Amino acid sequence: ARDWLEGVRWPDGPVCPHCGTIDNAAKLKGKAHRPGLYECRDCRKQFSITVGTVFERSKVPLNKWLAATYLLASSKKGMSAHQLHRMLGVTYKTAWFMFHRIREAMKEDNSTSGPLGGEGKIVEADETYIGKRDVPYKSPNRRTPYTKSGKSGGAQKRVIVGLIERGGETRTFHVNVATKKTVREILVKNADRKSRLHTDESRLYTTTGQEFARHQTTNHSAGEYARGDVNSNSIENVFSIFKRGMIGVYQHCGEAHLQRYLTEFDFRYNRRTKLGFTDEDRHNALLKMVAGKRLTY
């Protein structure tokens, strides 16, 4: 397991996490040193493959960590911590924390992946509602709770805003409330404004849509879900996979952790089979992202 992880993370030789020197470290051997320990010849500090990663300072064996990363990366709708605890022989508390650390490693943003879309490309945007808020929400401007359409149906549900580049990557965000302001902030930070924007008839996107190359909508309330290439079916598909996983596999999720579950589903969807990824490719891509994302209990 250690050799595998070193081969994926250090293809050009050991990289010192303290000073960044590449392939200039001595491997320490003998009973006095734990397996996989190196000493940098530049800064003279010791390190191993797990230093500076989500695996650091863990007493769980590395082979169980790699089994957990593989299982979570290859299960389309996720895997519960109870299932992992039974399969690996660790406690439920350990399995829960392992999965949250792995989800932390799955995080991506503009700095690593760049904005979605671009000139001549289509970005779809939509919002969905799932579960029940842990803390009831009341609008500061009126007595009745906030809801998208003015009805009471989704007033106390958790709000998710999603974007997808058609045929490409997706990003989903948990927000406290869906307003024109919060939706615009997500759109302009994560989507190239040279893109064509496709949404439903929601007024949340009317003003922001003018900032993009073109804004086209479909009228869901009138039964229109596609008009030529104008539709938001791709982002609806993303929401469908997420909800099947949350209802069928996880069953319950605290609202404080909802964004990490969204990150998990985004990671797998962005490396789906249609884009040429196998389970092993997806797993190796995850192992390259574990550095610099420590998460303590």
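These figures come from a predicted structure and were not determined experimentally.
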Heavy-atom pair of closest approach, residues Val230 and Gln216: CG2-NE2, 3.6 Å
How are the rings of Tyr38 and Phe47 set relative to one another: parallel (under 30°), tilted (30 to 60°) or perpendicular (over 60°)? parallel
So that I can tick it off, tell me whether Arg193 and Glu211 are bridged by a salt bridge, with the cut-off set at under 4.0 angstrom between side-chain N and carboxylate O. yes
Does any N or O in the side chain of Asn190 come within less than 3.5 Å of the main-chain N or O of Leu116, such that one atom is a donor and the other an acceptor? no
Taking Val249 as the starting point, is it possible to reach Ile241 by hopping between hydrophobic residues whose side chains are less than 4.5 Å apart? yes
Side chains of Thr199 and His215, donor plus acceptor under 3.5 Å: yes
On a heavy-atom basis, the closest approach of Gly13 and Ile22 is O-CG2, 4.4 Å
Under 3.5 Å, is there a donor-acceptor pair linking the side chains of Thr278 and Asp281? yes
Asp126-Ser232 side chain donor-acceptor pair, cut-off 3.5 Å: no
Pair Glu264 + Arg268, salt bridge at N-O below 4.0 Å: yes
Between His257 and Trp96, is the ring centroid distance below 6.0 Å? yes
Nearest atoms (heavy-atom pairs only) where Asp192 meets Gly117: CB-C, 4.0 Å
Identify the two heavy atoms, one from Trp65 and one from Val60, that lie closest to each other, and give their separation to 0.1 Å. CD1-O, 3.4 Å
